[in-house]
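Note that the coordinates shown come from a computational prediction; the quantities given were computed from them, not determined experimentally. Numbered from 1 within each chain, the chains take letters A, B, ... in sequence-line order. What you see below is based on every heavy atom in this structure, not just the backbone, and it leaves out hydrogens, waters and symmetry mates.
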2 protein chains.
Amino acid sequence: MQDSEARQAFDGTRQKLLSSAERLFAERGYTGVSVRDVAGMAGVNSALVAYYFGNKRGLLSAVYLRHCLPLNQERIHLLQKYEATPGGASLEQVLDAFLRPSLAVSPGNDGHADYTRLRAILSCENSELLNEVIAEHTGVAASAFLAAFSRCLPYLSSKEILWRFHFLIGTLYHTGSHVSRMVVLSGGVCNPGDVEETLKQMIPFLAAGFRASAPESGTEAPLAQKLQAV
Amino acid sequence: MQDSEARQAFDGTRQKLLSSAERLFAERGYTGVSVRDVAGMAGVNSALVAYYFGNKRGLLSAVYLRHCLPLNQERIHLLQKYEATPGGASLEQVLDAFLRPSLAVSPGNDGHADYTRLRAILSCENSELLNEVIAEHTGVAASAFLAAFSRCLPYLSSKEILWRFHFLIGTLYHTGSHVSRMVVLSGGVCNPGDVEETLKQMIPFLAAGFRASAPESGTEAPLAQKLQAV
DNA sequence: GTCTATAGAGCGATAGAC
DNA sequence: GTCTATCGCTCTATAGAC
């Protein structure tokens, strides 16, 4: 360990506020959490939110940006690793590259599970912030994966790829944001908190769904060309 | 039409409050909407919320109960209709029976699309009300469909059925609660507001996912017996 | 940097006139 | 039934002491 220096950075007030906000926003959404709640969990005064982040929205933005770029970089990195293998990336590998980093849990800053839950909740609250901040950063990774999917499934038009990518996002967000409910509902049999178990269930399901033949065959565009429009 | 009597019931203050609340809660969630907002959209005074529903929570509960039972009855009715055909219900028909009523849109009280969106948002806000009110009424329909799925897919254990049902819910909720975003993202190519188009895309995708061979084969329970535990 | 104290706004709920 | 008026509370944000 980098001893006291690293520990101080991790335990600093700014970081404690970020971690508390990440947890609470992921649990109860943006409007359901007050800055007092966040400051209380961090063990500091609520006025410090304004000091460090300007206002409540700045705090949310900081939480978001803390994970957004790293997560998509991990996804792209994994995708490139899989594509470097002979024969390129399989559909299962493309799915793994997209999903695995979103579900990763770790004590430090490298786990994005809370962030995925936060993302799911914010996307339901349809705050303006989501439409503003998010669109900039997700576009790059999204189009890279859309291209990877159509490389694996050349018989699908871009329309089908888009629909199925939408379904993929729904499956990911719902799984990431209803962990405890799933445990209760299944009587403990299914545990979305177990990353490997979740991937083992999700990837075959989604891969089969993506591979299904197109609902209306033949009349659609040839896919690869239309991907520019995304 | 039942002339003025039916019209009066539909335009009554109570109904206007219910309709306004349904729309607004579906758009911005429970905590994001004030009773003043609801009363304003209904064109009446905010004190009438207390008069008709006791308090804000009572309003939400009324909105919920207005759709909960009818929706599940329509699902069960469709399922029974499909199961009455020779050979029983196909997997695609079971999916259709579950999904179609949730996505139906209609000017009157019979469309559940707004309700599905409301359900998706509330399930993200994880309010206590959801865990209280919802659990009572959804259990019946859910277990009927879990049984129907395992009848179509006898080689799957209850564990896999539960996981895939969870994925189905995620796909449905995300599609139902991000209609406009999907339209924008796809450049107008994909429109989840079109019920038939949505079903034509969702059902083949989900059916293929459900039919995928189990991720870990052989070692699981024989499925039908374990369904009691749900 | 961290705190106390508070301004200013919006909320849910209710009392009471009509 | 529907309204006005208002209480009591919580929220975000800020000013200013230390």
Verdict with supporting geometry, A:Arg119 and A:Ser102, side-chain hydrogen bond (donor to acceptor under 3.5 Å, both in side chains): CA-CA 10 Å; A:Arg119 191 79 163 67; A:Ser102 331; over 6 Å; no
Euclidean distance, A:Leu146 CG relative to A:Phe98 CZ, rounded to 0.5 Å: 8.5 Å
N/O (side chain, B:Ser34) to phosphate O (OP1/OP2, C:dG10) under 4.0 Å: no
B:Leu17 CG - D:dC3 C1' separation (whole Å): 14 Å
Sugar-phosphate, base or nothing in reach of B:Val49, heavy atoms under 4.0 Å: nothing
Phosphate contact (D:dT2 OP1 or OP2) by B:Tyr52 side-chain N/O below 4.0 Å: yes
Between P of D:dG1 and CD of B:Gln15, the distance in whole Å: 13 Å
Short side-chain N/O contact to D:dT2 OP1/OP2 from B:Thr13, under 4.0 Å: yes
Sugar-phosphate, base or nothing in reach of A:Asn55, heavy atoms under 4.0 Å: sugar-phosphate
Whole-Å distance separating the CG atom of B:Leu48 from the P atom of D:dT2: 6 Å
Separation of atom CG in A:Asn45 from atom P in D:dA15, rounded to whole Å: 16 Å
For atom NZ of B:Lys56 and atom C1' of D:dC9, their distance in whole Å: 14 Å
Length of the CG-P vector between B:Leu59 and C:dA13, whole Å: 10 Å
A:Lys200 NZ/CZ over A:Phe205 ring centroid, <6.0 Å and within 45° of normal: no
Check: A:Val33 main-chain N/O paired with A:Lys56 side-chain donor or acceptor under 3.5 Å: yes
Sugar-phosphate only, base, or nothing, as touched by B:Val38 at under 4.0 Å among non-hydrogen atoms: nothing
Listed nucleotide nearest any side-chain atom of A:Tyr51, set D:dT4, C:dG12, C:dG1: C:dG1
Rounded distance in Å - CZ (B:Arg57) to C1' (C:dA13): 15 Å
Test item: A:His178 and A:Leu185 side chains (from C-beta on) under 4.5 Å apart, heavy atoms: no
Polar pair under 3.5 Å, donor/acceptor by atom type, side chain B:Arg36, base C:dG10: no
